[in-house]
Colleague: 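Once you've had a glance at the structure underneath, I'll fire off some questions.
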Amino acid sequence: MPNSRLSRRKLLVGATPLVVAPALARLALDGDAKAAEHTEHTEHMGHASHAAMFGEGAPAVGGPRDLDALLYPPPRLAHRPGRVREYQLVAADHDVEVAPGIRFSAWTYNGTVPGPVIRATEGDLLRVRFVNAGTHPHTIHFHGIHPAGMDGVFEIVDPGAAFTYEFPARPAGMHLYHCHSTPLKKHIHKGLYGAFIIDPATPRKPAQELVMVMNGFDTDGDGDNNFYTVNGRTFFYARYPIRVRRSQTVRIYLANLTEFDLINSFHLHGDFFRYYPTGSGDAFEYTDTVMLCQGQRGIIEIDFANTGRFMFHAHQSEFTELGWMGFFEVVD
Ligand code: CU
Ligand code: CU
């Protein structure tokens, strides 16, 4: 969609002057209805400096605990081969508020975008009961190792129907799940995806654990994202910084489920981290920026050297401006 693409680029070029000279910026966008519409959105977001985009100044929806269930994974359970881990996922059409006043008609697992965090330990038997309460045929396709009949590609679950996925959880790592009905692009960008953690039999060392699913929202249906987030709301962790202790490793289970854009990325200010691709081995890169295509994921481990406020965001600055930005508040 070269046209909408152009609109968004134009918007971003025009976005900063909006603060000081809205009339001028409007003039520049004149005749481009889509860009004007986007302008409304970004004005809403407020293109203040990043320093001002903190606390109450950050245009995020809701209260400080709203995303806890998506940010903090369920606790790890010790290795016990053959134990059954049960989850229920219900697909339903559901409007979500992505940014203040901006609603997105999502298709959800359990009412949120991303869906719930699924966690198991290597050797568990994972049993996921899936109920389709939506208006379109859906499935759950898990990344990992499982029998063909559990792959969520051929076993299409019609509205009103249900299906139970059952397979041993392996291999250890950070994975993901998503709907695999067609058109696939639509079923993913509408919001049917989530994080899927498999803990190794020998546990990772203790850490403050977080989950971040990077995504985008095409709120005007033009095949191009208007907003970017982690865990579903723009600037949420700018408004409510994630409080962590310097004394303990911060472990982030990171996945990219952004549709339309080729890549997404995670960049940390003021420190470096170890990045374990797919979380499936011991090899890591020591860096402050990682880039992921859709479906890629990994584990980040940060040992903060300093206390204070540190930003994290997509290193596509465009994504940052459109919502994918937050802060850690590191304390002793
Ligand atoms: Cu679907
Ligand atoms: Cu996939």
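We count residues from 1, following the sequence as given. Read the numbers this way: they start at 1 and go in the same order the structure lists the ligands and their atoms.
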Colleague: Closer than 2.8 Å to the Cu ion (ligand 2): does that hold for any N, O or S atom in H141?
Modeller: no
Colleague: As a test of reading the structure, name the N/O/S atom of H143 that is nearest the Cu ion (ligand 2).
Modeller: NE2
Colleague: Of the backbone and side-chain N, O or S atoms of H180, does one lie nearer to the Cu ion (ligand 2) than 2.8 Å?
Modeller: no
Colleague: Heavy atoms, side chains only, cut-off 4.5 Å: are K190 and E259 in contact?
Modeller: no
Colleague: Any donor-acceptor pair under 3.5 Å linking the side-chain atoms of H178 with those of H187?
Modeller: no
Colleague: Taking C-beta and beyond as the side chain, do S280 and P171 meet within less than 4.5 Å on heavy atoms?
Modeller: no
Colleague: Could you tell me the angle subtended at the Cu ion (ligand 1) by ND1 of H138 and ND1 of H187, rounded to 10°?
Modeller: 100°
Colleague: Give a yes or no on whether C179 keeps an N, O or S atom under 2.8 Å from the Cu ion (ligand 1).
Modeller: yes
Colleague: Would you say the ring centers of F327 and F54 fall short of 6.0 Å from each other?
Modeller: yes
Colleague: Relative to each other, are the rings of H146 and F167 parallel, tilted or perpendicular (30° and 60° limits)?
Modeller: tilted
